[in-house]
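Order of appearance sets the numbers: ligands from 1, and atoms from 1 within every ligand. Numbers here simply count residues along the sequence, with the first being 1. Here the structure is a predicted model, which means the values were calculated and not measured.
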Amino acid sequence: MTKRLPASRRLASAASLLSLSASLLTGLATHTAQAAPWDSFTKGSMGPVVNWPLIPIHVVLLPDGRVMSYGTDAKGVQTGQFIYDVWDPKLGTGTPSHLVLPNTTGTDTFCSAQIIVPASGAVLLAGGDKTVNGVRNYSVNDVNLFDYRSSALYQAPQPMRDVRWYPTVVTLASGQVLVLGGRASLTELSVPTPELYTEGQGWRSLEGAASDDAYGSRNWSYPLAWQAPNGRVFVTTIWGGTYYMDPAGNGAIAKTPLTLPAGDYYLPSVMYAPGKILSLRKSNRALVIDLNGSQPTSTAATGVGQDRYHGSATVLADGKVFVSGGSIWSNIAFGVAYSGKIWDPATGKWAATTTAKKMRLYHSVSLLLPDATVLTAGGGAPGPATNLNAEIYTPPYLYKKDWTGTLAPRPSITNAPTALTWKQGFKVDVSTTGISRVTLVKTGSATHTVDFDQRFLPLNFSASGKVLTVTAPPAAEVAPPGYYMLFVFDSAGVPSVARIVRLG
Ligand SMILES: [Cu+2]
């Protein structure tokens, strides 16, 4: 099977070259033919519904700017066993922009967890689904790796100790990947012991950090967890308790004094600034959690307007939070939120955005792309709609502020390092003077309302003409190693296309 991949890639490359010129022409035609609505500079605009070769239940932005997705077959039926897709946004959204490849690992990757391993840039896929005597939704301890350079998906040398379905993966300051939570089978609910993955060495169970309350039976489904500035891993639960988990040595876990109002597995939370999390809770409540002090604290924030079960929260290139999709009742086509909302951390207020055509409920995703737009996609398997499709959202910051609905000219990064280390000063050449902001956004990896590792960091900089001297983030606890999108903003607040840089 491995011999087949290069052949299909050669075909795809040839097709890509042909389609590139076609998509450029199509792109020009689209832009001249129809301007976006006049209020796009306040609401953004939603692109057309475009086909996707599977329901992208899992999406991950790769170090080369492409997007890997998986979760169903080509008809939208639950299974990650047969195919996965690699989409190149630079080639548009037509069929030739997708590279659909066979999954030869034997693992059904449906409802696994995926994240980029910082050292190699490979995507680690932990766990997945298993069918036993015709009954789905048992789980596996399989671990697979996806190499973006070859687009190949292959078995990792060592599986996890525990089987996991619906686990969470987190990149730690050490560069190791933590997996926690998930379900073992229909009868054995929880997997209370986290495991640590060290590239080249494999897995180690953190017996000292086992907890049913934090990420076991009381909080097993894609538990929300973040590398915190104090070196520990901060965990929130649906029932309200919060925890600091220490991954050092044998592992340890401690409850914090902070208790939150009730949340849900399918209401999103997002780290929108260093050590700060916007968390949507039940009954249209929202909170800002601050991890920068000696103990975590929370303050009430304005709710998003309605509960959006299965919606997504995506931090934009400017640090605002785009909330899209969801409905009032879990995975039911009632009270569907078609229009998104953007939260401004500077004011705490929500602004309405434009309206999507498709409901994005269970198994839908959202992902910030390097061109500062947002991929919103998927939903179904099961659900009221089988969404073998995506809509790309263009946020307000990309439009001219003149009511014409036309895209603003963008600044560009003409030269930037490909690798950074913490605290480092580095030079960035840009196309224009008057750069107003420099930001870093970690490459996202989303599934089931969670975007593992998503985080945003504003960077200090000084400018001399078209040369910026930028300071990298202060520490791995604030910005874990891995891949980040580097954006610059012009004097009108318009972001560049990102350069993807490796930190660490
Ligand atoms: Cu699922």
Side-chain angles (χ1 to χ4, degrees), residues 52 54-60 68-85 103 107-115 123-132 135-142 144 160 162-169 179-186 188-191 215 219-225 238 263-269 308-313 325-327 329-333 358-367 376-390 444-452:
W52 210 264
L54 43 74
I55 296 180
I57 293 172
H58 303 259
V59 288
V60 51
M68 184 214 184
S69 65
Y70 62 92
T72 71
D73 66 12
K75 292 188 171 138
V77 174
Q78 161 183 344
T79 175
Q81 187 148 3
F82 302 106
I83 52 171
Y84 60 99
D85 179 59
N103 174 5
T107 303
D108 180 351
T109 54
F110 177 78
C111 302
S112 59
Q114 77 288 347
I115 200 161
V123 182
L124 177 93
L125 288 77
D129 198 270
K130 188 179 175 185
T131 302
V132 178
V135 180
R136 287 184 185 275
N137 304 346
Y138 287 83
S139 57
V140 295
N141 61 351
D142 296 5
N144 294 290
M160 296 179 289
D162 295 325
V163 297
R164 294 177 194 268
W165 187 66
Y166 283 66
T168 283
V169 279
V179 61
L180 47 94
R183 179 169 165 162
S185 75
L186 294 175
E188 304 161 84
L189 268 182
S190 62
V191 188
Y215 28 67
N219 196 50
W220 61 271
S221 174
Y222 293 111
L224 295 171
I238 55 167
D264 190 272
Y265 293 137
Y266 294 111
L267 293 175
S269 296
R308 289 167 166 260
Y309 289 101
H310 306 288
S312 296
S327 67
W329 298 102
S330 180
N331 208 24
I332 290 172
K358 298 292 184 183
M359 65 179 83
R360 303 284 172 200
L361 308 183
Y362 193 39
H363 289 150
S364 65
V365 289
S366 168
L367 189 70
T376 69
T386 299
N387 282 324
L388 291 152
N389 56 59
S445 181
T447 189
H448 294 80
T449 307
V450 183
D451 189 335
F452 306 121

**OP:** Report yes or no: does Tyr166 have an N/O/S atom closer than 2.8 Å to the Cu ion (ligand 1)?
**Re:** yes
Subject >> Presence of salt bridge, Asp162 and Arg164, under 4.0 angstrom >> reply: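 Salt bridge present between Arg164 and Asp162.
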Subject >> Euclidean distance, Phe110 CZ relative to Asn137 CG, rounded to 0.5 Å >> reply: 6.5 Å
**OP:** Taking the side chain as every heavy atom from C-beta outward, state whether Trp52 and Asp85 have any pair of such atoms under 4.5 Å apart.
**Re:** yes
**OP:** With the Cu ion (ligand 1) as the reference point, give the N/O/S atom of His363 that is nearest.
**Re:** NE2
Subject >> With His448, the side chain to side chain donor-acceptor pair (under 3.5 Å) member among Tyr166, Tyr265, Tyr266 >> reply: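 The residue from Tyr166, Tyr265, Tyr266 that satisfies side chain to side chain donor-acceptor pair (under 3.5 Å) with His448 turns out to be Tyr166.
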**OP:** Using the Cu ion (ligand 1) as the apex, give the angle to atoms SG (Cys111) and NE2 (His448), rounded to 10 degrees.
**Re:** 110°
